[in-house]
Amino acid sequence: MDVTPILDGLNKAQREAVTADNQALLVLAGAGSGKTRVLVHRIAWLIATENISPHAIMAVTFTNKASHEMKNRVESLLGRSASSMWIGTFHGLAHRLLRAHARDAELPDTFQILDSDDQLRVIKRVMREMNLDDNEWPPKQAQWFINKQKDEGKRPKDIQHNGDLFISTHTKVYHAYQQACATGGLVDFAELLLKAFELLRDNQHLREHYQERFLHLLVDEFQDTNGIQYAWLRLISASNCGITIVGDDDQSIYGWRGAKIENIQRFDREFSDAKTIRLEQNYRSTGTILKAANAVIANNQERMGKNLWTDDSEGEPISLYAAFNEQEEARFMAARIADWHQQGNAYSECAILYRSNAQSRVIEEFLLQRQIPYRIYGGLKFFERAEVKDTLAYLRLMYNNQDDAAFERVVNTPPRGLGQKSVEKVREMARIDQSTLWEAAQKIVAESALTPKATAALSGFIELVKLGYEEFHPLPLSEQIQLTIESTNLMEMYAKEKGEKALARKENLAELASAAREFDVEDYPDLSPMTAFLAHASLEAGDTQAEQYEDCVQMMTLHSAKGLEFPLVFIAGMEEKLFPHMMSMEEADKLEEERRLAYVGITRAMKKLYLLYAEKRRLWGKETYPAVSRFIREIPAQLKEEVRLNSQLSQPVFAGESESAQGANGFNLGQFVEHPKFGVGVILNYEGEGAQARVQVNFDSVGAKWLVLAYAKLEAC
DNA sequence: ACGTCTACCGTTTTT
DNA sequence: CGGTAGACGT
């Protein structure tokens with residue numbers, strides 16, 4: 001076969017990575033260096049020249065988006081279907097494994113997937129049954145604890161509490177929660193991974209089967225793998241397996257969620273002939289932007305080391321804008337975007353990035369005012385919306401009566417006269433009999449154990465679900481859904497709500513039926529259409545609803561910007577305590593993760609980057625005088641320019657960075673100083689000269705103060 | 001069973 | 001300051 005198209009257009013390092021014949025290959029791929037390209041081309045190379053069967057290849061990603069993209073690109077490069085390859089997310093592949101071997105994994109064939117929201121509900125219920133006060137023991141915390149344990153491969157029996165009440169209590173919750181999941185046939189996200197790991201660990205036959213099958217394992221975004229994912233990969237990749245991992249330690253921004261960058265070093269250690277290839281040529285950004293990114297990330301200690309470069313021109317300097325406050329910050333961005341659009345550029349080519357979602361509000365206001373269309377990423381995904389989940393809960397219950405989570409959700413939705421105390425009776429009965437809620441409900445109806453009205457309502461509910469299944473299940477998916485929406489009166493209930501929300505809800509319900517119509521069962525071989533659809537709904541929660549067709553400005557957090565690129569990028573709120581965030585400033589490793597986030601943000605920009613900060617910001621109703629983010633100060637002065645024209649209130653932040661431009665009084669704006677009485681603060685402003693010289697300092701202890709330099713004993717620190 | 005009030009809380013979120 | 005979850009009152 002002619003391999004030209006596979007190697008064409010690749011640079012030296014990329015080509016080396018694609019054709020490497022090492023058993024273990026580590027590709028350290030900088031931002032915009034073509035890592036997906038390498039992965040896709042390597043798969044094609046293995047098939048076309050090494051005669052590896054597609055059947056023997058597994059490629060793992062973190063997001064559905066990435067796995068779809070990989071699959072499509074492999075198919076178009078090879079010119080044939082990639083369906084015999086296992087390409088998917090960690091969760092998707094784990095799910096596939098568990099479905100194929102449900103019995104071995106000790107799961108019912110009908111098991112359903114809990115998303116985080118469902119999981120929290122189950123945990124709440126379990127904790128209530130344990131009589132744990134939810135002020136003292138927040139369910140969120142228990143959820144976090146359970147998932148953390150699972151991410152580390154731990155079951156309740158593996159947890160040492162050493163008398164620690166926090167750990168021992170949460171371990172009990174974990175245990176009870178597992179029991180609840182087992183009776184309901186429910187599996188949460190972390191459980192998918194852990195169960196899939198245990199399945200292979202404890203079943204030699206299966207393990208060997210898959211180890212023999214997969215001759216090549218490729219993993220994307222390896223810096224984001226957690227403990228259990230790493231362990232799972234190790235299990236599958238036996239000695240004969242080639243393993244390629246691609247990642248960037250500088251873009252690891254999910255440590256707070258269990259991702260372990262150390263896994264990269266660990267890989268290097270544990271896979272003996274591992275070869276490391278660095279992709280450092282960047283095809284995205286200007287020289288200036290890359291230099292800034294390199295300079296910022298160079299301040300991190302824990303790095304494998306990498307320096308991005310480009311053939312591209314230097315481009316424009318990075319613009320800094322010191323806004324008076326967050327409104328003015330938003331106003332400035334809106335004005336710049338309007339200019340940009342007027343020059344014939346698309347709105348969709350520019351992005352506004354921020355550290356936390358709360359910042360989006362003000363920005364939205366000003367875009368709205370200027371009538372600039374925008375789209376905010378984040379928020380509820382399609383399959384996470386209440387009306388959609390209600391419908392799905394009915395379907396889940398129809399197909400799996402054991403599903404207690406679904407039962408709880410819809411037993412009184414829409415309201416049918418089953419109040420808190422009636423439902424509590426059902427729960428109690430289930431507890432006593434060690435049965436599911438569904439079984440308990442039937443028993444209660446048979447015994448007429450509730451008031452006549454409530455008994456009738458409960459019986460009506462049971463009939464509704466039973467009948468729904470009997471009548472609908474032979475029909476096509478979308479009809480089943482349509483009929484469910486109608487027969488349960490969900491549509492009616494939401495139609496009664498008022499306002500724009502109700503309209504959106506009705507649209508979403510209609511959309512759900514059409515999503516089912518377009519649903520491709522092929523992606524889930526061997527599953528019944530409904531089971532496949534329900535799994536799909538949990539595993540791929542879908543896009544955040546917005547008109548993607550319209551040309552609009554993209555607004556999102558820095559986290560969700562990873563992997564994307566835009567010609568024009570604004571990063572708002574470049575302020576200490578906001579970015580780096582207050583909660584991540586104390587510990588060195590957290591601060592380094594913030595810095596990586598800054599690195600991710602900067603490297604999103606292709607042509608032009610604006611960094612903004614406000615001198616005054618209202619935060620939770622309180623006025624604050626933040627200091628300029630250290631990440632701005634870490635960018636060399638020659639790469640940036642201050643765009644504020646009127647600098648009566650403030651001087652350029654980097655005025656003092658070269659000796660000649662030292663602030664008149666020996667202090668620079670943004671500099672930290674110490675005062676004998678007020679402690680540490682940051683210089684906000686200064687005015688006057690000689691004996692009249694005054695500086696405005698924002699002290700951590702007492703806030704902003706003007707001080708006469710001649711009297712105040714300020715020390716630089 | 002529904003609507004109103006209040007107390008609380010307030011990074012980031014691939015699945 | 002603003003959103004929301006749960007309590008409380010009708």
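Everything numeric here is computed off the predicted structure, so don't read it as measured data. Numbered from 1 within each chain, the chains take letters A, B, ... in sequence-line order.
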Ring centers of A:Trp232, A:Tyr230 separated by less than 6.0 Å: no
Plane angle bin for A:Trp256 and A:His559 - parallel if under 30°, tilted between 30 and 60°, otherwise perpendicular: perpendicular
Measure up the A:Phe461 and A:Phe407 rings against each other and bin them: parallel (under 30°), tilted (30 to 60°), perpendicular (over 60°). perpendicular
Give the first and the last nucleotide of DNA chain C, reading 5' to 3', that has any atom under 4.0 Å from a heavy atom of chain A.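 Reading along DNA chain C, I get C:dC1 to C:dG6.
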Which donor-acceptor pairs under 3.5 Å do the side chains of residues 222-229 of chain A make with protein atoms, sequence neighbours left out?
residue, atom, partner, partner atom, Å
A:Gln223, OE1, A:Asp248, N, 3.0
A:Gln223, NE2, A:Glu221, OE1, 2.7
A:Asp224, OD2, A:Lys562, NZ, 2.7
A:Thr225, OG1, A:Phe222, O, 2.8
A:Thr225, OG1, A:Asn263, ND2, 3.0
A:Asn226, OD1, A:Ile228, N, 3.2
A:Asn226, OD1, A:Gln229, N, 3.0
A:Gln229, OE1, A:Asn226, N, 2.8

Report which part of the nucleic acid [X] touches: base, sugar-phosphate, or nothing (heavy-atom distance under 4.0 Å, all strands).
{"X": "A:Lys124", "value": "sugar-phosphate"}
{"X": "A:Ser538", "value": "nothing"}
{"X": "A:Gly563", "value": "nothing"}
{"X": "A:Asp224", "value": "base"}
{"X": "A:Tyr254", "value": "base"}

side-chain hydrogen bond (donor to acceptor under 3.5 Å, both in side chains) partners for A:Glu326, two or more places apart: none
Whichever of A:Thr225 and A:Leu418 has its nearest DNA chain B nucleotide further upstream toward 5':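 In this pair, the answer is A:Leu418.
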DNA chain B: 5'-proximal contact among A:Ala358 and A:Glu384 (nearest heavy atom): A:Ala358
How would you list, by chain and number, every residue that makes a salt bridge (charged side-chain N to carboxylate O under 4.0 Å, His left out) with A:Arg596, sequence neighbours excluded? A:Glu593
Any [X] side-chain nitrogen or oxygen under 4.0 Å from OP1 or OP2 of [N]:
{"X": "A:Lys381", "N": "B:dT13", "value": "no"}
{"X": "A:Asn357", "N": "B:dT12", "value": "yes"}
{"X": "A:Ser560", "N": "B:dT13", "value": "yes"}
{"X": "A:Ser584", "N": "B:dT12", "value": "no"}

Please write out each protein N/O paired with an N/O of nucleotides 3-10 of chain B under 3.5 Å, distance rounded to 0.1 Å.
residue, atom, partner, partner atom, Å
B:dG10, N3, A:Trp620, NE1, 3.4

Applying ring-ring contact (aromatic ring centres under 6.0 Å, His included), which residue pairs with at least one partner in residues 119-152 of chain A are found, sequence neighbours left out?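 Sorted result for residues 119-152 of chain A: A:Trp137-A:His170, A:Phe145-A:His170.
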Distance between the C1' atoms of B:dT11 and C:dG6, in whole angstroms?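 Between the two C1' atoms, the distance is 24 Å.
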Lys/Arg cation over aromatic A:Tyr377: A:Arg375, 6.0 Å, 45° cone: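 Positive - A:Arg375 is close enough to the ring of A:Tyr377 and near enough to its axis.
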Scan A:Glu136, A:Glu129, A:Arg128, A:Met130 and name whichever one has a side chain to side chain contact (heavy atoms under 4.5 Å, CB included) with A:Leu132.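 With A:Leu132 as partner, side chain to side chain contact (heavy atoms under 4.5 Å, CB included) holds for just one option, A:Met130.
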Applying the 5.5 Å / 30° rule, does A:His91 stack onto the base of B:dT15?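 Stack criterion not met.
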Whole angstrom value for the distance that separates P of B:dT12 from CE of A:Met583: 12 Å
Whole angstroms only, please: what is the CG-P distance between A:Leu578 and B:dT12? 11 Å
Evaluate A:Arg604 against A:Glu565 for side chain to side chain contact (heavy atoms under 4.5 Å, CB included), listing each step before the verdict. CA-CA 5 Å; A:Arg604 296 311 95 193; A:Glu565 59 180 29; 5.6 Å; no
With respect to the side chain of A:Glu594, which nucleotide from B:dT13, B:dT15, B:dT11 is positioned closest? B:dT11
